[in-house]
Amino acid sequence: GRLSLQDALAEVGGVQTTSADTKQIYVIRGVGTDTIDVFHLDAHASFMLAMADRFQLRQRDIVYVDAAPLATRKNNGETDVVVVVGSIAT
């Protein structure tokens, strides 16, 4: 079956607010051979999670959640490395 953005995030345990920025969730989608679409979701507002439930991922989509701002991260050696949910194979 199809997988929504919210389903994909839930499969990896959700967005960890101590290390990821809920305002900076992206879906990167290749369209054709030389075009990329980038969709942005600010899930800081809870009603936007309903939009994530309606956003259907496609094969080869990449879900990217940016790191939390430094002020909100724990001091445990975290870097600004991308949190990648992964490519979706359906």
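- Take Gln24 and apply the side chain to side chain donor-acceptor pair (under 3.5 Å) test, not counting sequence neighbours, and it matches Tyr26.
- For the pair Val27 and Ile62, the minimum side-chain heavy-atom distance is 4.5 Å or more.
- Residues Val63 and Leu5 are in side-chain contact: their nearest non-hydrogen atoms beyond the backbone lie under 4.5 Å apart.
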Table please: side-chain donor-acceptor pairs of residues 29-40 below 3.5 Å, with sequence neighbours left out.
residue: Arg29; atom: NE; partner: Asp61; partner atom: OD1; Å: 3.0
residue: Arg29; atom: NE; partner: Asp61; partner atom: OD2; Å: 3.2
residue: Arg29; atom: NH2; partner: Gln56; partner atom: O; Å: 3.2
residue: Arg29; atom: NH2; partner: Asp61; partner atom: OD2; Å: 2.7
residue: His40; atom: NE2; partner: Lys23; partner atom: O; Å: 2.8

query: What do the steps show when you test Gln6 against Met51 for side chain to side chain contact (heavy atoms under 4.5 Å, CB included), and what is the final call?
result: CA-CA 9 Å; Gln6 183 169 328; Met51 297 300 293; over 6 Å; no
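- Taking CG of Leu41 as the start and CD1 of Ile25 as the end, the distance is 5.0 Å to the nearest 0.5 Å.
- With rounding to the nearest 0.5 angstrom, the CG atom of Leu9 is 11.0 Å from the OG1 atom of Thr22.
- Checked against side chain to side chain donor-acceptor pair (under 3.5 Å), Asp7 has the following partners two or more places apart in sequence or in another chain: Ser4.
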